[in-house]
Protein chains: 2
Amino acid sequence: MSTISLNRILSNVKENGHKLTPQRRYIIEIMMKNNQEHWSTEEIYAEVKKVCPEIGIATVYRTVQMLEELNLLTKHHFSEGCSRYEFADETKNHNHHHIVCTKCGKVMEIQDTYFDELERHIQDDMNFNITNHTVTFYGICEDCKE
Amino acid sequence: MSTISLNRILSNVKENGHKLTPQRRYIIEIMMKNNQEHWSTEEIYAEVKKVCPEIGIATVYRTVQMLEELNLLTKHHFSEGCSRYEFADETKNHNHHHIVCTKCGKVMEIQDTYFDELERHIQDDMNFNITNHTVTFYGICEDCKE
DNA sequence: ATCACTGCAAACTATTTGCAAAAAG
DNA sequence: CTTTTTGCAAATAGTTTGCAGTGAT
């Protein structure tokens, strides 16, 4: 699954006329390999630097931006400071729930289709004390359709 | 309703040991009076400046931060650039849906309790082309409870 | 009169951009 | 060989902070 997805990503990048540089490979591989789901740019940078010390953070920013434009990455704005990225997985996409700790900022993921009961389950099963939630839809509004 | 809430906010600020300065009054009044629901700091600043030209943007930042700590304002991270604030209304809170145009950044609000059907309704009734959605729960995680 | 609050400017953090050198195709 | 991409450093944008003066209670 991981390998299949990796190849899918890599060929998608090439097919869209982008070059496959070592830096881009490293970024994609590390983001997919590691079990941490939601990456900040700093985290990606630090991790890639271990294996490719010459990389600059601008490259990380440009790469995630490119991947987002190809709809391969999803950008999240959970809380303060920085955006976080995760690979868009079509199996779970568009039905995508997150729980965010307002104290430590940790982001956890839930994959469920129910919703009203969901909250109770999170409280009970995950021992997560929900204080608030937001549901946000992204899209193109009436005025912006040309 | 507007007046009741305004007084509620103002006394809440005082009761918590904070002083009611003209700047704070202006910020609260303007945010409540205007029909625009989701305010960026720049927008608040520009609006207050019309009636109180000497205000500094740091005061706006400090005020919304204070109001957020009192749980009077809710902070949102809809998309790029800046946070947006709206008054926490207990009647609609915790059941709070937003639609965000990814082209112009406009934020619109929906007040509904249904959810699965909701998306279809937004598409049809509001002529808003949904491309993605996120559901985010905020709270305190297991590790952070002391 | 006291202590919180303000405005200003400087500091800080996340992100973007210009550019010359490097490298992918 | 051409055109994209890179790393660096400088620029930008949003937000925070230090500080001396101001003002609410």
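In the text below, chain A, chain B and the rest are named by the order of the sequence lines, each starting its count at 1. For the numbers below, each heavy atom of this structure counts, side chains included, while hydrogens, waters and symmetry mates do not.
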**Q** Please check if the side chain of Arg24(B) supplies one atom and the backbone of Lys19(B) the other of a donor-acceptor pair under 3.5 Å.
**A** yes

**Q** Counting only side-chain nitrogens and oxygens, does Thr21(B) get under 4.0 Å of the OP1 or OP2 atom of dA24(D)?
**A**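 False: Thr21(B) side-chain N/O out of range (4.0 Å or more) of dA24(D) OP1/OP2.
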
**Q** With a cut-off of less than 4.0 Å, is there a side-chain N or O of Arg24(A) near OP1 or OP2 of dT4(D)?
**A**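 So the side chain of Arg24(A) is outside the cut-off, no N or O lying under 4.0 Å from OP1 or OP2 of dT4(D).
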
**Q** In this structure, how many angstroms lie between the C1' atom of dG14(D) and the CZ atom of Phe78(B), rounded?
**A** 17 Å

**Q** Which of these, Leu10(B), Ile9(B), Asn16(B), sits in a side-chain contact (heavy atoms from CB on, under 4.5 Å) with Asn12(B)?
**A**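 Of Leu10(B), Ile9(B), Asn16(B), side-chain contact (heavy atoms from CB on, under 4.5 Å) with Asn12(B) is met by Asn16(B) alone.
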
**Q** Does Ser83(A) place a side-chain N or O at less than 4.0 Å from the phosphate oxygens OP1/OP2 of dT15(C)?
**A** yes

**Q** With rounding to the nearest 0.5 angstrom, report the CG to CD1 distance, Leu6(A) to Ile28(A).
**A** 7.5 Å

**Q** On DNA chain C, compare the nucleotides closest to Arg62(A) and Pro22(A); which residue's is nearer the 5' end?
**A** Arg62(A)

**Q** Using whole Å, what does the distance between atom C1' of nucleotide dG14(D) and atom OH of Tyr61(B) come to?
**A**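 My rounded result for the distance is 5 Å.
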
**Q** Name the one of Tyr85(A), Phe87(A), Phe78(A) that satisfies ring-ring contact (aromatic ring centres under 6.0 Å, His included) with His38(A)?
**A**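 The single option meeting the ring-ring contact (aromatic ring centres under 6.0 Å, His included) with His38(A) is Phe78(A).
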
**Q** Tell me: NZ of Lys14(B) to P of dA4(C), nearest whole Å?
**A**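 Distance, rounded to whole Å: 17 Å.
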
**Q** Quickly work out the His77(A) NE2 to dA14(C) P distance and round it to whole Å.
**A** 15 Å

**Q** Atom CE of Met66(A) to atom P of dT16(C): distance rounded to whole Å?
**A**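 Taking atom P of dT16(C) as the reference, CE of Met66(A) is at 15 Å.
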
**Q** Does the side chain of Trp39(A) reach to within under 4.5 Å of the side chain of Ile30(A), using non-hydrogen atoms?
**A**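 Contact flag for Trp39(A)/Ile30(A) side chains = yes.
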
**Q** For Leu20(B), answer base if it contacts any base atom (sugar-phosphate contacts may also be present), sugar-phosphate if it contacts only those atoms, and nothing otherwise; contact means non-hydrogen atoms under 4.0 Å.
**A** sugar-phosphate

**Q** To the nearest Å, how far apart are Trp39(B) CH2 and dT15(D) P?
**A** 16 Å

**Q** Reading DNA chain D from 5' onward, which residue's closest nucleotide shows up sooner: Gln65(B) or Lys19(B)?
**A**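 Looking at DNA chain D, the more 5' nearest nucleotide goes with Gln65(B).
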
**Q** Using OP1 and OP2 only, check whether a side-chain N or O of Gln23(B) sits under 4.0 Å from dG7(C).
**A**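 Checking dG7(C) against Gln23(B), a side-chain N or O does come within under 4.0 Å of OP1 or OP2.
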
**Q** In whole angstroms, how far is the C1' atom of dG7(C) from the NZ atom of Lys49(B)?
**A** 10 Å

**Q** NA contact type, Glu42(A), heavy-atom cut-off 4.0 Å: base, sugar-phosphate, or nothing?
**A**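 Counting heavy atoms under 4.0 Å across all strands, no contact is made by Glu42(A).
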
**Q** Remember a base hit wins even if backbone is also touched, and classify Ile57(B) as base, sugar-phosphate or nothing at under 4.0 Å, heavy atoms.
**A**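 If one applies the 4.0 Å heavy-atom cut-off, Ile57(B) turns out to touch nothing in the nucleic acid.
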
**Q** If only side-chain N and O atoms of Thr41(A) are considered, is one of them under 4.0 Å from the OP1 or OP2 phosphate oxygen of dT15(C)?
**A**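 So the side chain of Thr41(A) is within the cut-off, an N or O lying under 4.0 Å from OP1 or OP2 of dT15(C).
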
**Q** In whole angstrom, what separates Leu67(A)'s CG from dT5(D)'s P?
**A**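 Roughly 12 Å, once rounded to whole Å.
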
